[in-house]
Number of protein chains: 2
Amino acid sequence: MKQISSRFSIAVHTLCLIAVSSSEDCTGDYIAESVNTNPVVIRRIMGLLKKAGLVEVRPGVGGASLLKTPEDITLLDIYRAVHVIEDNQLFRFHEDPNEGCPVGRNIESVLQSELSEAQSAMEHRLAQTTLSQLTVKFK
Amino acid sequence: MKQISSRFSIAVHTLCLIAVSSSEDCTGDYIAESVNTNPVVIRRIMGLLKKAGLVEVRPGVGGASLLKTPEDITLLDIYRAVHVIEDNQLFRFHEDPNEGCPVGRNIESVLQSELSEAQSAMEHRLAQTTLSQLTVKFK
DNA sequence: ACCGTTGTAACTATTATAGTTACTACTCGG
DNA sequence: CCGAGTAGTAACTATAATAGTTACAACGGT
């Protein structure tokens, strides 16, 4: 069973940690210890979060901080930042169905629109939750 | 990017074909030709659809037919039948976060409930669409 | 009894992921 | 100005699931 990569849950964990810690504490090694993985895994994910404009990292000396308030970061923002699934690509489609068959010819367009509705429903739900809603539960 | 297996889209294609064709025509080879894949792939998926009580297959002579009307088969039924994602398992979670850290200790329970809401939202949308809504579009 | 079919097992190639090692470049404090 | 600690990144490995393939046994009707 193929699941959505744990990059996403690690990214959420990472951002929660940055939100509740002082900036200078938040080195890759510190985060890696809380997540319980290799620091390089964290640095890679931090690179994606930086590209998405969610965090900034102090090169050389280390430490990270948020570029938006936790109220303004949703799970959907994080999900998109780590490229875990692209637009309309949650469901893999079998390739080149037979054009000579009425079903084969039409299945893709007919089914894809339903699948993309389903994907949207999930993403819409992710957009309802902000980082701040999570961090209050660690107090 | 990990996507949900094309077993699902192939299963939907297969059931559409069974719904619009006469039972005796629906051999594995015939379906495989429409889907454009190897017959064994179809037989494996048919095995799952049988286990789920959606179709019956005539052994020896070949051919398949639905055990429910197309109005009573939803995309969610098919999605569950092909075991493409289990309950609450759409999102992979990183393992063994550090219990010594307030974030590490709580992240799983806090985040999992949001993620399972998101997964439910998607599945709820899949349950809205029936096989008959698809097949009318092939007429 | 034969032919076409289903049901499976076994193997391969492909793909994405997660973790690891190693190295470079950067910043600051001494 | 140098060294300690950190970030950034490339390269490699192990793992896992998938999709396709070959092969073969079992079945059923003509």
Side-chain angles (χ1 to χ4, degrees), chain A residues 1-11 13-14 17-18 21-33 35-51 55-65 82-86 89-97, chain B residues 1-11 13-14 18 21-33 35-52 55-65 82-86 89-97:
Chain A
M1 192 189 58
K2 271 193 183 165
Q3 298 174 285
I4 290 176
S5 165
S6 63
R7 270 206 306 282
F8 179 41
S9 68
I10 294 176
H13 186 147
T14 296
L17 215 44
I18 297 174
S21 311
S22 66
S23 169
E24 64 271 17
D25 287 344
C26 275
T27 66
D29 283 26
Y30 173 76
I31 297 168
E33 205 172 320
V35 170
N36 189 23
T37 186
N38 192 292
V40 176
V41 172
I42 299 299
R43 288 182 221 148
R44 279 199 286 242
I45 289 173
M46 291 288 282
L48 295 169
L49 297 175
K50 271 195 334 189
K51 268 192 207 158
V55 301
E56 69 183 349
V57 176
R58 300 193 314 177
V61 57
S65 45
V82 295
H83 295 137
V84 97
I85 291 292
E86 304 300 330
Q89 297 280 306
L90 175 59
F91 297 92
R92 177 163 172 192
F93 211 89
H94 55 288
E95 294 171 355
D96 299 318
Chain B
M1 191 189 57
K2 271 192 183 166
Q3 299 174 283
I4 290 175
S5 164
S6 64
R7 267 205 309 281
F8 179 40
S9 69
I10 295 176
H13 186 148
T14 296
I18 297 174
S21 311
S22 66
S23 168
E24 64 271 18
D25 286 343
C26 274
T27 66
D29 284 28
Y30 173 77
I31 297 168
E33 205 172 319
V35 170
N36 189 23
T37 187
N38 191 291
V40 176
V41 172
I42 300 299
R43 288 182 221 149
R44 279 200 285 242
I45 290 172
M46 292 287 282
L48 294 168
L49 297 175
K50 271 195 330 189
K51 270 193 206 157
V55 300
E56 67 183 350
V57 176
R58 300 194 312 177
V61 59
S65 45
V82 294
H83 295 137
V84 97
I85 291 292
E86 303 301 331
Q89 297 280 305
L90 175 59
F91 298 92
R92 176 165 172 190
F93 211 90
H94 55 289
E95 295 171 355
D96 298 319

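Below, read A as the first sequence line, B as the second, and so on, with proteins coming before strands; counting in each chain starts at 1.
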Under 4.0 angstrom, heavy atoms only, what part of the nucleic acid is A/Gly62 near: base, sugar-phosphate, or nothing?
sugar-phosphate

Within the structure shown, what part of the strands sits under 4.0 Å from A/Gly47 by heavy-atom distance: base, sugar-phosphate, or nothing?
nothing

Output a table of nitrogen or oxygen pairs between the protein and nucleotides 28-30 of chain C separated by less than 3.5 Å.
none

Exercise answer: donor-acceptor pairs, residues 23-30 of chain B side-chain atoms, under 3.5 Å, sequence neighbours excluded:
residue : atom : partner : partner atom : Å
B/Asp25 : OD2  : B/Ser22 : OG           : 3.0
B/Thr27 : OG1  : B/Tyr30 : N            : 3.2

All heavy atoms of B/Asn36 vs all of A/Asp96, minimum pair found to be ND2-O, 2.8 Å

What is the minimum heavy-atom distance between B/Ser65 and B/Ile18, and which atoms define it?
CA-CG2, 3.6 Å

Which whole-number value in Å describes the distance from [X] [atom1] to [N] [atom2]?
X: A/Ile45; N: C/dA18; atom1: CD1; atom2: P; result: 7 Å
X: B/Gln3; N: C/dT14; atom1: CD; atom2: C1'; result: 14 Å
X: B/Arg58; N: D/dG29; atom1: CZ; atom2: P; result: 8 Å
X: B/Ile31; N: C/dG7; atom1: CD1; atom2: P; result: 11 Å
X: A/Leu49; N: D/dA7; atom1: CG; atom2: C1'; result: 14 Å
X: A/Ile85; N: C/dT17; atom1: CD1; atom2: C1'; result: 13 Å
X: A/Ile42; N: C/dA18; atom1: CD1; atom2: P; result: 11 Å
X: A/Ile4; N: C/dA16; atom1: CD1; atom2: C1'; result: 14 Å

Donor-acceptor list for residues 43-50 of chain A side chains, cut-off 3.5 Å, not counting sequence neighbours:
none

Drop me the distance from B/Glu33's CD to B/Ile42's CD1, to the nearest 0.5 angstrom.
11.5 Å

B/Phe8: what forms a ring pair (Phe, Tyr, Trp, His ring centres under 6.0 Å) with it, not counting sequence neighbours?
A/Phe91, B/Tyr79

Can you give me the N/O atom pairs linking the protein to nucleotides 20-25 of chain D at distances under 3.5 Å, or say none if there are none?
residue : atom : partner : partner atom : Å
D/dG20  : OP2  : B/Thr37 : OG1          : 2.8
D/dG20  : N7   : B/Arg44 : NH2          : 2.7
D/dT21  : OP2  : B/Asn38 : ND2          : 3.3
D/dT21  : O4   : B/Arg44 : NH1          : 3.3

Report the residues that fulfil side chain to side chain donor-acceptor pair (under 3.5 Å) with A/Ser9, sequence neighbours left out, ordered by chain and then residue number.
B/His94

Dump the intermediate steps for side chain to side chain contact (heavy atoms under 4.5 Å, CB included) on B/Leu90 and B/Ile4, then the final yes or no.
CA-CA 9 Å; B/Leu90 175 59; B/Ile4 290 175; 4.2 Å; yes

All side chain to side chain contact (heavy atoms under 4.5 Å, CB included) counterparts of A/Asn38, not counting sequence neighbours
A/Val40, A/Val41

With B/Gln89 via side chain to side chain contact (heavy atoms under 4.5 Å, CB included) - residues at least two apart
A/Met1, A/Gln3, B/Glu86

Contacts under 3.5 Å, N or O only, protein and nucleotides 14-17 of chain D:
residue : atom : partner : partner atom : Å
D/dA17  : O3'  : A/Met1  : N            : 3.0

By a strict heavy-atom criterion of less than 4.0 Å, which residues belonging to residues 21-29 of chain A are in contact with DNA chain D?
A/Thr27, A/Gly28

